[in-house]
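We name chains A, B, ... by the order of the sequence lines, and we start the count at 1 in each one. Just so it is clear, the model here is predicted, and its values are computed rather than measured.
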Amino acid sequence: MIGSDDSDRIVDQIRATVDRQGAVTLLGQGTKHAVFRNLQPEGGSALSAAEHTGILAYVPDELMIEARSGTRLREIEQALAERHQRLAFEPPRFGSGGTLGGAVATGLAGPARPWAGAPRDALLGVELVNGAAERLRFGGRVVKNVAGYDVTRLQAGAFGTLGCLLSIALRVMPEPQHTQTMNCSLEEHAVGEQLHQWHLAGVPMAGTCWHAEQLYIRLSGPKSAVRAAAERLHNDRGARETLSGELWTNLRDRRHEFFLDPPFGTDLYRASLPFGAPPLGVDAPLLVEWRGAQRWYWLRPDQVALAEYAATAVGGWLQAATEPPLAAGAQPGAARIQQRLRDAFDPGRCLNPHLDARDAD
Amino acid sequence: MSAPAPVNPIEQLLPELKARLPAEALILDSAGKRPYETDGLTALRAQPGVVVLPDSADQVQWLLRRCSELGVPVVPRGAGTGLSGGALPREDGVLLGFSKMQQILELDPGAGTARVQPGVRNIAISEAAAPLGLYYAPDPSSQIACSIGGNVAENSGGVHCVKYGLTVHNILGLKGYTMDGEPLEVGGTTLDCPGYDLLAVLCGSEGMLAVITEITVRLLPVPISKRVLLAAFPTPTAAARAVSSVIAAGIVPAGLEMMDKLAIEAVEGYLKAGYPTHAGALLLCELDGEGATVAADLARVTALFEAEGAHDLRIAESAEEQANLWQGRKAAFPALGRIAPDYYCMDGTIPLAEIATVLSRIEALSNEYGLAVANVFHAGDGNLHPLILYDANKPGELATAEALGHAILCACVDAGGTVTGEHGVGVEKLDGMCHQFPSSELEQFHRLKAAFDPQTLLNPGKGIPTLTRCSELGGMHVHGGKVPFAGLPRF
C-alpha cells in the first residue's frame, strides 16, 4: 500500500507536549476552518496528521476499509469506487482535500444521513493517541463487536479532544445501482407530511432538499425500484426528473447557492429536529434537508432566541453553524460526564484545549 | 481509601428499603430471590443480597443515591436472558430488576419513534408499532422475552443486523441516572446531539456506566416485500464462500444465517422441518424491501449460491412458508439442548474471509478437548455462535467446556476478530478480554468507567478485567513496563 507512516512523530510530539504540560492543536489538512471558527487558534502549536497516510487494508468482500487518519478522502473514495463501493455517510469537505481523520473527528454527514447514517454508524475501530501519549486500539475490523466500551464511536464528533486518531476502520457500502433526482413545487407546511407518506410507502429516498418552495428528492437503489418510486412521486405531486448537476455535493459541502449568499446582517444557523417537526415559524431564509431533520436558517441576531426556543419546544436544538457542535447540550448530566470523559482520556488537557472554552463558561 | 465499614452496608440499607419502597418492590426471602440468582448463563449463580423491583424512575434514583452513599453495589437486570453473566448478582449488593417498568410511554408515528421503559420486551415494541406500519428492527433471538433495557446494555444484534445495524444504530435517546443518583439524559429524538456521543458509549456498556429508565427507539416502516431462501452446501467452506460472494456482489441481505451439519441434524431430529440432513452446511438468506428489488436480488443470490455448489434451494414466498424455514434456525438451540444435557454458547466475531479457517480450527479444538461443537450463526456479519455440548453432571466437563470456549474465543481474536459480537463480556469473557486487549487499553476502559462511576459500585467486576486478573492469567500485554496516569487508582 502507498502512504507514509508518520505515527512515531505524532506520538513523540504529543509526548513532548505532555512532558512540558503544553497543548497541541490537532489538524488534518485544516480544511474545516472554512466553516468552523476557532479550530486553529493563533499561536497554538499545531500537530498535523496530513503526512500520516495510506490505506492499510481494503476488503471489498467484507465491506471494510482501514486507513491512516491523514489519508485523503479523495484517495479513499477512488479506491472504493473501483469496486463500486463508497462511504455511505458522504463526508462533507470544505475546500480542496479533507482527510479521513478530519471527517471522523468532526462527525459530519452528508445528505443521506437519515438513511445511510453518520461517521459514528460506519466506524468499526480506531487507533489513537490519548492525552498521556499512549497508542491505544479499540474496536476492530468487524461489525459486531461489544468487547469493552465503545471508545471507537465516542471519537466521532469529539474533534480530537479524546485522542489524536492514527488509523480508522470503517464499514463501507455498495454504490446504489441507480440514482435519480425528482423535483416538484411544494409549500413548507406540506413538505413534512408528504415526505412522511413516501417514507412509509418505502420510497427509496437518499436525500431531500426543500428551498424556495421547491422540493428535490434523490432516489437511489436498483433501477426498477427507483423507476417505480419516480412514477409514484409524479402521480402524487407531479414531480419530474431533473438533472441534479452538483446539487447533492453542493448541499454536502455547503456550496449550494443558499449557503453562498448570506442576507445582510444574518448568520447561518443549523437546527437538528425530530422527523415530523412542524415549521419553526421563523421568518428567515430556510433550506430543509434530511426529511425535515436538518434545517438551515440565515438569522438576524434578534431572531436567534425565538428560533432556539421553537427548536427546543419540538425536541430539537439550534446552533450557529460556525460553532463546532462539541460543547455538551443542556441535558441533565451531559456536561458533567463530558468533562470527566475528557479527564479520562486527556487529564492534562493537552489535545485541542481551546475547544473546551465554552464548557468552562 | 476508607476503612472497612463496621456495619455491613446492605444490612443498613434494608430497613430503609422497607420504609421507602412498596412491599411488592422488594424480594428478601431466599426462595423469592432464587430466580434472580442467574441470567442466561446458568452455569454461574449467586444469591443477591436483596432484589428491588422499582416501578418508577424516582424509586430508581433514590435507590442509587442511597446505595452510593452507603457503598452498596448495584447490579441492573433486564429480563435475565443475557448469555454472559452480566446480571450475575452479588451477595453484598442490590439486584435492580426492571420487570415492573414495562410501559410503552409514547408512540410517535410522525417522528418514527417509541419512548419506552427499560422493562418493555423487545418484540412488544414492534407489536405496538405494527398498526402504524412501523417496527423496531433489532431482533435478538430472545426477542419474545428480552427487554429493551437489556438490549441497550448489551448493544444487542440479531439476525437482521447485517442490514439494519445493532441497537446503537436504532436508538435515539436515553434517560437515566449515574450511580450517585444524578440524572443523565443523552440524545433525544433528533439524529444528532451536541457534545460527545454518550449514546454510543452507554450502548453496550453492560449496565456499568449508568442505569437507564427510559429509552427512545427509532422505528422503521415494515418492509413491503420479503423472501427467504434456504440452500444446502456440501461443506461449510463452500457456504462461507457463498456468503462472501453475496456481500461482494453489493447485495445487503436482511439476514444471512449458517448452520453446520450437527446443528442441521439436531434440528431435523427435533422439528422435522424438512432441512436437508445430508448437507455439510446450510444458509438461510432473507431479502426485504421494495418488490422488484427483492425479486431481482433473489435471482442474483440464487445464482451466486449455485455457483458455490448449492443444492436443495428452497424459496419461501408466503409469510407462513418463511416462518417454516426460519423455525428450524430459531429452534436450533433447544434442538441442541435435546442431544446434550448442557450446551455452552460462544459469541466470537471474525472477518468473513476467516470463516472457513476458524470453523476448521473449532473442529480441531473440538476433537482435542473431546466435546462436540455445533455451529449456528450470523454468517452475514461473521458473528459465530459455536455451541459446546457437554454434561455438567460429569465431573470436570464444565471446566473442559469453559476451557474449550476460551480457546475458541482466542482463535477468533487471532483471526482478527473479537471475543464477543453481541452477548457481551459479562463475567464469562473476562479472560478473553485479557487476550484481546493490552493493559493500556484496559486501563483506559477503567478510567472511562470511573468517569461515570468513580466508586465502582455499578455492576462491579463485569465487562473489563482487572489488570491483576490478566497478569495472573499470564495473558496481559504490558508495553515497556510503563504505567501512565500514575496518580489514578489501579483496578
Side-chain angles (χ1 to χ4, degrees), chain A residues 59-63 84 113-114 118 120-121 130 132 134 136-138 140-150 153-154 156-158 174 196 199-200 202 204 221-222 224-225 228 272-276 290 293 315-317 319 325-329 331-334 337-338 340-341 344 347, chain B residues 110-112 133 154-155 157 169 178 182-186 188-198 200-201 203-205 221 224 244 247-248 250 290 292-293 296 349 351-353 381-383 416-422 424-425 433 436-437 440-441 444-445 447-448 451-452 464 484-485:
Chain A
V59 191
D61 297 5
E62 311 241 357
L63 304 176
H84 306 290
R113 169 69 179 88
R120 55 101 72 182
D121 297 302
N130 68 7
E134 293 177 293
L136 306 174
R137 276 185 180 278
F138 299 99
R141 291 178 176 181
V142 294
V143 174
K144 278 169 123 178
N145 186 353
V146 292
Y149 302 117
D150 198 340
R153 287 194 175 83
L154 196 52
H196 178 60
H199 167 67
L200 285 182
S224 56
S272 179
L273 302 172
F275 294 121
W290 296 5
W317 54 285
Q319 207 174 61
L326 178 63
Q331 291 172 302
I337 294 295
Q338 177 151 332
R340 289 193 190 168
L341 280 173
Chain B
E154 302 297 327
N155 191 16
H169 301 108
T178 41
E182 289 295 311
L184 178 63
E185 291 186 26
V186 305
T189 52
T190 53
L191 290 172
D192 50 34
C193 280
Y196 293 161
D197 195 343
L198 301 182
V201 80
C203 207
S205 65
I224 293 160
S244 290
I247 304 292
E290 176 270 340
T293 309
T349 302
L352 295 184
D381 38 34
N383 186 194
T418 173
V419 294
T420 175
E422 57 181 2
V425 173
M433 288 289 284
Q436 184 167 340
F437 288 102
S440 45
E441 275 81 349
Q444 184 66 73
F445 285 141
R447 288 193 298 273
L448 188 156
F452 288 82
I464 314 294
F485 296 99

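Rounding to the nearest 0.5 Å gives a distance of 12.0 Å between OG1 of B:T418 and NZ of A:K144. Atom-to-atom distance recorded for B:D197:CG and A:L341:CG is 11.0 Å, nearest 0.5 angstrom. Interatomic distance, A:W317 CH2 to B:D192 CG, rounded to the nearest 0.5 Å: 5.0 Å.
Interface summary for chain A: among B:A200, B:G382, B:G416, the most heavy-atom pairs under 4.5 angstrom belong to B:A200. Interface summary for chain A: among B:G133, B:P351, B:A292, the most heavy-atom pairs under 4.5 angstrom belong to B:P351. Top candidate by heavy-atom pairs under 4.5 Å with chain A, chosen from B:A296, B:G204, B:G417, B:S205, is B:S205. Heavy-atom pairs under 4.5 Å with chain B peak, among A:A118, A:G333, A:P274, at A:P274. With respect to chain A, the highest number of heavy-atom pairs below 4.5 Å among B:A353, B:C203, B:G112, B:G424 belongs to B:A353. Of the listed residues (A:D121, A:D150, A:L136), the greatest number of heavy-atom pairs within a distance under 4.5 Å of chain B belongs to A:L136. Taking A:P60, A:G276, A:G157, A:P222 one by one and counting their heavy-atom pairs under 4.5 Å with chain B, the maximum is reached by A:P222.
The two residues B:V425 and A:V146 make their nearest non-hydrogen contact at CG2-O, 4.3 Å. Scanning both residues, B:V419 and A:A147, for their nearest heavy atoms gives CG2-CB, 4.0 Å. Between B:E441 and A:R137 the shortest heavy-atom distance is OE2-N, 2.5 Å. In this structure, A:A225 and B:T293 approach most closely via the heavy-atom pair CB-OG1, 3.1 Å. Annotation for A:R120 and B:H169: closest pair NH1-CA, 4.4 Å, computed over non-hydrogen atoms. Nearest heavy atom pair, residue A:G148 against residue B:F445, reads CA-CZ, 3.7 Å.
Residues A:Q319 and B:P194 meet the side-chain proximity criterion, which asks for heavy atoms closer than 4.5 Å. Within the 4.5 Å cutoff, the side chain of A:I337 has no heavy atoms near those of the B:Y196 side chain. B:L198 places none of its side-chain heavy atoms less than 4.5 Å from the side chain of A:Q331. Taking 4.5 Å as the limit, every side-chain heavy atom of A:N145 sits out of range of all side-chain heavy atoms of B:T349. Inter-residue side-chain proximity for A:V142 and B:D381 is flagged as unmet; no heavy-atom pair is nearer than 4.5 Å. With contacts defined as side-chain heavy-atom distances shorter than 4.5 Å, the pair B:T189/A:F275 does not qualify.
Using a 4.5 Å cut-off between heavy atoms, B:I464 touches chain A through its side chain atoms alone. Contacts of A:H196 with chain B are made by side-chain atoms alone, with heavy-atom separations under 4.5 Å and no backbone atom involved. For B:I224, the part sitting under 4.5 Å from any heavy atom of chain A is the side chain, from C-beta outward, and nothing else. If you measure heavy-atom distances from A:A293 to chain B, the contacts under 4.5 Å come from the side chain alone. Residue A:P114 touches chain B through both its backbone and its side chain, counting heavy-atom pairs closer than 4.5 Å.
Using modelled atom types, no side-chain atom of B:E185 and backbone atom of A:P332 make a donor-acceptor pair closer than 3.5 Å. For B:E290 (side chain) and A:G202 (main-chain N/O), no donor-acceptor pair under 3.5 Å exists by modelled atom type.
No side-chain N or O of B:S244 forms a donor-acceptor pair with one of A:D61 less than 3.5 Å apart.
One finds no salt bridge joining B:E182 and A:R340 here, because no Lys/Arg side-chain nitrogen approaches an Asp/Glu carboxylate oxygen to under 4.0 Å.
A tilted orientation is assigned to the rings of B:F437 and A:F138, their planes being inclined by 30° to 60°.
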